[in-house]
Amino acid sequence: MVMPELPEVETTRRGIVPHLTGRTVTGITLRAAKLRLPLSAELPRQLAGQRIEAIERRGKYLLFTCSDGTLLLHLGMTGHLRLVPSDSAPGKHDHVELHFDNNTTLRFTDPRKFGTLLWLTGEPLQHPLLAELGPEPLSADFTAEYLFKRSRKRSVATKLFIMNSKIVVGVGNIYANEALFLAGINPARAVGSLAPAETERLTAAIRQVLTEAIALGGTTLHDYLDAAGQPGYFSLKLHAYGRGGKPCSVCGTALQESRLGNRSTVWCPKCQQ
DNA sequence: ACTGGCTCCTGAGGGC
DNA sequence: TGCCCTCAGGAGCCAG
């Protein structure tokens with residue numbers, strides 16, 4: 001199973017950029033009527049003949065800048081992109097394929113159909129799905145001061161706060177657990193109660209965990225593969241996620257596990273206050 | 001303005 | 001071996 005978080009999306013982007021930039025779409029194959037949203041039957045007509053000018057990322061969205069518009073793609077929970085030869089036979093969950101003028105095909109596979117694929121005209125960052133997004137966690141805009149100010153007088157659990165894409169993009173469940181572990185902050189703490197030093201530790205931890213994950217090519221949970229089919233290796237370094245009941249890597253105390261916002265949450269009751 | 005809960009989907013894994 | 005149940009989760013959406 002694939003769990004694309006920001007590092008996986010960025011790894012995917014870096015994997016396809018050298019192969020697709022400047023290429024022209026010669027055809028598109030749709031094999032599903034809908035993913036998270038209906039797949040527009042207009043997509044083949046809209047994409048045919050489009051040249052890929054750039055492939056960028058905003059949060060976990062990929063933006064394919066084309067001659068006359070932008071293809072917006074979200075991998076959802078189980079989606080991944082793979083470059084395959086144009087004559088490669090499709091599998092059960094290969095819902096969309098973009099065919100290019102160099103005999104390669106960009107294949108979108110997504111067993112649970114939580115992904116999104118939209119054709120946008122106009123300024124893509126003004127689209128409702130993108131306009132309200134918070135800063136990129138690895139940009140200069142994501143600072144302890146920013147997090148401190150945004151969190152004042154808010155009672156929501158710190159973990160849910162950092163997973164809110166309107167606050168900061170790209171922090172999914174796995175890395176939220178890891179960042180809170182590294183920062184020594186209890187996931188359930190009301191975010192408004194964090195002291196400045198704690199927001200400093202938290203922003204640093206989010207940067208650290210995402211930076212390390214990108215450097216290692218994303219997390220391997222089961223069979224995560226990037227665009228070229230290479231596995232990531234970050235799962236070897238997970239301290240919290242998936243380790244409920246196991247000893248804390250710092251103090252040895254059994255990690256606790258519960259649900260927060262209906263998401264699996266793991267923390268050390270001694271190290272994270 | 002916030003907050004928490006619901007929803008989409010299907011494979012994996014556990015219990016018997 | 002096979003069936004049934006629960007769980008996993010990104011993020012938009014909505015009611016209170």
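Sequence lines set the chain letters: A, B, ... in the order given, protein chains first and strands last, and positions in each chain run from 1.
- The number of heavy atoms from other shown groups lying within 6.0 Å of CD (A:E132) does not exceed 12.
- Between A:K166 atom NZ and C:dG10 atom P the separation is 16 Å, expressed in whole Å.
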- [ ] Begin with the C-alpha distance, continue with both residues' side-chain angles, and end with the deciding distance and a verdict on side-chain contact (heavy atoms from CB on, under 4.5 Å) for A:N173 and A:S264.
- [x] CA-CA 8 Å; A:N173 193 44; A:S264 174; 4.3 Å; yes

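- The side chain of A:H93 contributes an N or O atom lying less than 4.0 Å from OP1 or OP2 of B:dG11.
- Both A:L75 and A:I28 sit in one connected hydrophobic cluster of ILVMFWY residues. Membership requires side-chain heavy atoms under 4.5 Å apart, directly or through other members.
- Residue contacts for A:L35: at a heavy-atom cut-off of 4.0 Å it reaches no nucleic acid atom on any strand shown.
- When distances are taken from the side chain of A:R259 to each of C:dG9, C:dA11, B:dC9, the shortest belongs to C:dG9.
- Heavy atoms of A:S155 sit under 4.0 angstrom from primed sugar atoms or phosphate atoms, though from no base atom.
- B:dG5 atom P lies 8 Å from atom CG of A:N262, rounded to whole Å.
- Ring geometry for A:F181 against A:H239 counts as parallel: the plane angle stays under 30°, on a 0 to 90° scale with 60° as the upper cut.
- Among the atoms of the strands shown, none is found under 4.0 Å from any heavy atom of A:K153.
- One atom, OH of A:Y175, and another, P of C:dA11, lie 14 Å apart when rounded to the nearest Å.
- Neither OP1 nor OP2 of B:dT10 sits under 4.0 Å from any side-chain N or O of A:K92.
- When heavy atoms are screened at a 4.0 angstrom cut-off, A:Y61 is found touching the sugar-phosphate backbone but no base atom.
- Protein atom CG of A:D110 is 13 Å distant from nucleotide atom P of C:dG10, rounded to whole Å.
- Side-chain proximity of A:V156 to the nucleotides C:dA8, C:dG12, B:dG4 is greatest for B:dG4.
- The nucleotide whose nearest atom lies closest to any side-chain atom of A:K113 is, among B:dT10, B:dC8, C:dG9, B:dT10.
- For the pair A:K149 NZ and B:dA1 P, the interatomic distance rounds to 20 Å; values are reported in whole Å.
- Following rounding to the nearest Å, A:L62 (CG) and C:dA11 (P) show an atom-to-atom distance of 12 Å.
- For the pair A:I167 CD1 and B:dA1 C1', the interatomic distance rounds to 12 Å; values are reported in whole Å.
- No donor-acceptor contact under 3.5 Å links the side chain of A:R263 to the base of C:dA8.
- The nucleotide whose nearest atom lies closest to any side-chain atom of A:M77 is, among B:dT10, C:dA11, C:dG9, C:dG9.
- Between the CG atom of A:N173 and the C1' atom of C:dG10 there is a distance of 10 Å, given to the nearest Å.
- We find that the ring of A:F114 and the base of C:dG10 stack, their centres lying under 5.5 angstrom apart and their planes tilted less than 30°.
- In summary, A:E145 and A:K149 do not engage in a salt bridge, as defined by a charged side-chain N under 4.0 Å from a carboxylate O.
- Using a 4.0 Å cut-off between charged side-chain N and carboxylate O, A:E8 and A:K60 make no salt bridge.
- Checking the phosphate oxygens (OP1, OP2) of B:dT3, a side-chain nitrogen or oxygen of A:R154 falls inside 4.0 Å.
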